[in-house]
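Lettering of chains follows the sequences in order, A, B, ..., and the numbering in each one begins at 1. These figures come from a predicted structure and were not determined experimentally.
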Number of protein chains: 2
Amino acid sequence: MSRRVLVVEDELPIRDMLVFALEQKGYYTLEAETYTEALDKIVEPYPDLILLDWMLPGGSGIQLAKQLKQNEYTRQIPIIMLTARGEEEDKIRGLEVGADDYVTKPFSPKELLARIRAVMRRSTPTSSEDMIQVQGLKLDPVSHRVTANEDGLDMGPTEFKLLHFFMSHPERVYSREQLLDHVWGTNVYVEDRTVDVHIRRLRKAISTHGHDKLIQTVRGAGYRFSSKVS
Amino acid sequence: MSRRVLVVEDELPIRDMLVFALEQKGYYTLEAETYTEALDKIVEPYPDLILLDWMLPGGSGIQLAKQLKQNEYTRQIPIIMLTARGEEEDKIRGLEVGADDYVTKPFSPKELLARIRAVMRRSTPTSSEDMIQVQGLKLDPVSHRVTANEDGLDMGPTEFKLLHFFMSHPERVYSREQLLDHVWGTNVYVEDRTVDVHIRRLRKAISTHGHDKLIQTVRGAGYRFSSKVS
DNA sequence: TCTTAATGTAACAAAAACATCATAAAACAA
DNA sequence: TTGTTTTATGATGTTTTTGTTACATTAAGA
């Protein structure tokens with residue numbers, strides 16, 4: 001599991017400190033000093049997390065976050081914002097825009113790393129661009145295609161994401177709420193029951209070769225993607 | 001998973017609305033109208049989240065938050081503050097004091113519930129997810145599966161919870177009331193004898209390989225999960 | 001042995017959880 | 001713009017689960 005963190009911070013000493021702490025802990029780091037530079041780095045393969053200085057010259061930190069959260073593919077990348085003490089305004093706007101957490105400068109590396117861990121744990125490892133295959137059901141994230149025994153399957157974007165998530169997290173029950181968080185994303189207000197419908201559509205889409213059995217209902221708990229019989 | 005939410009709000013209609021929405025979603029609720037009343041409710045077992053009206057008479061909402069965040073034990077309870085539109089001052093002070101998020105009145109229940117979800121997930125550390133195994137009987141909390149010598153077993157949610165509890169607390173007698181507290185949860189009114197029925201169902205479910213002997217009746221006391229012969 | 005309290009069991013009705021469908025709104029493409 | 005696809009939701013139908021009751025069985029002491 002690659003764990004790549006993009007550090008967007010214009011002050012070199014702080015950036016260095018962050019990079020040092022991160023690499024110490026085994027993360028790969030990317031660095032950007034400006035808004036433009038950051039955008040250059042946010043391409044596939046996407047980083048797994050972005051540490052974003054809110055105080056970029058021209059307030060472009062907020063700008064960047066907003067932009068990322070609007071794009072379907074970058075929306076999932078968790079963002080931890082770095083704010084100066086007292087810049088509470090920023091925190092508010094940050095949470096409004098969809099940042100996942102914030103850390104106030106000056107911060108201890110320990111605290112920061114703890115928050116990174118927490119945020120990462122609950123986010124999808126989007127890094128895997130590899131083809132996933134289970135019992136003849138193939139999903140290729142790169143070409144954005146699903147095939148069952150070489151037959152192409154048709155499904156909507158949400159079903160694709162749902163299947164992608166399931167296939168990369170098999171043998172594990174997810175409650176509807178967890179699925180909403182992981183597939184729809186945080187800060188989205190959708191009914192629990194909506195998950196049912198998409199599960200239904202996904203099952204239908206992959207049912208031609210009997211793959212719908214892979215998606216199992218776990219009563220009272222949620223859904224599970226499993227190749228074992230229930 | 002206990003999900004108890006304390007609602008601190010002096011206006012009855014809003015409090016009612018909140019409580020209704022929360023219970024609709026399966027949360028247990030506690031209510032408080034004033035600062036003092038709130039303090040009374042914040043005792044063990046601590047609520048898992050506090051919805052705090054910032055506009056309590058006398059500004060005591062802020063007071064309360066500050067106090068909670070200063071105490072070692074209550075500090076970790078996440079707080080979502082309810083602010084009136086435009087009261088940016090409050091939001092700022094709220095975050096300064098340590099609130100975890102805020103919602104602006106008037107708010108949609110949907111948004112509120114989504115934020116509750118997000119905040120709870122942030123704070124709840126994943127509880128024991130280890131597989132438990134006793135004499136070939138395996139329970140995997142992650143995939144939510146029970147197998148006996150590799151054969152999958154079928155049981156209802158309550159039986160699963162019951163078995164989970166037993167397996168993580170073996171060699172110890174539990175009275176029916178204790179089982180109700182631990183498995184069904186507190187403040188649930190259910191007959192004692194109902195436990196018998198679920199014990200019966202659980203035994204039946206795990207009996208294929210003789211594991212029903214693990215659940216032993218202790219006359220006059222309750223039940224015990226034990227790998228030793230009785 | 002008999003009595004009695006405690007526990008086991010099956011059946012049933014009510015509630016809860018889930019599946020499915022139709023529809024309207026939203027997003028998207030032509 | 002118009003037409004098409006996708007999405008979210010409420011309504012409704014279906015299945016599973018749950019709690020309770022009534023009766024059967026068991027264990028322990030008198």
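Rounded to an integer number of Å, the gap from NE2 of B:H198 to P of C:dT9 is 15 Å. When the P atom of D:dT6 is taken as reference, atom CG of A:L202 falls 14 Å away, rounded to whole Å. Computed from coordinates, the A:F160 CZ to D:dT6 P distance equals 14 Å when rounded to whole Å. If you take CG of B:D154 and C1' of D:dT17, they are 12 Å apart, rounded to a whole angstrom.
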Going 5' to 3' through nucleotides 11-22 of chain C, assign each nucleotide B (protein heavy atom under 4.0 Å from a base atom), S (under 4.0 Å only from sugar-phosphate atoms) or - (no protein heavy atom that close).
B-----BBBBB-
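B:H198 and B:E159 share a donor-acceptor pair across their side chains, judged by distance under 3.5 Å alone. Side-chain contact, A:R172 with A:Q178: no donor N or O sits under 3.5 Å from an acceptor N or O.
A ring-centre distance under 6.0 Å is not found for B:H169 and B:F225.
Aromatic ring orientation, A:H182 versus A:F165: parallel (interplanar angle below 30°, classes split at 30° and 60°).
The A:V190 side chain lies nearest to D:dA8 when the options are D:dA8, D:dT6, D:dT20.
Note that CG of B:L68 and OH of B:Y46 are 9.5 Å apart. Values are rounded to the nearest 0.5 Å.
In this structure, the side chain of B:E191 does not engage the main chain of B:R193 through any donor-acceptor pair within 3.5 Å. Although no hydrogens or angles enter the test, the distance criterion places a donor-acceptor pair under 3.5 Å between the side chain of A:S226 and the main chain of A:K228.
None of B:V103, B:I80, B:V8 except one satisfies the side chain to side chain contact (heavy atoms under 4.5 Å, CB included) rule with B:L51; the exception is B:I80.
Direction of the helix axis in the helix from C:dT1-D:dA30 to C:dA30-D:dT1 shifts by 30° between the two five-pair termini, rounded to 10°.
Contacts of B:T194 with the nucleic acid, taken as non-hydrogen atoms under 4.0 Å apart, include base atoms.
Residue B:T158 places at least one side-chain N or O closer than 4.0 Å to OP1 or OP2 of D:dT18. Listed pair A:W184 / D:dA8 meets the phosphate criterion, a side-chain N or O lying under 4.0 Å from OP1 or OP2.
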A:Y223 vs A:R176, test: side-chain hydrogen bond (donor to acceptor under 3.5 Å, both in side chains). Steps then yes/no.
CA-CA 8 Å; A:Y223 297 95; A:R176 284 159 230 279; 3.2 Å; yes
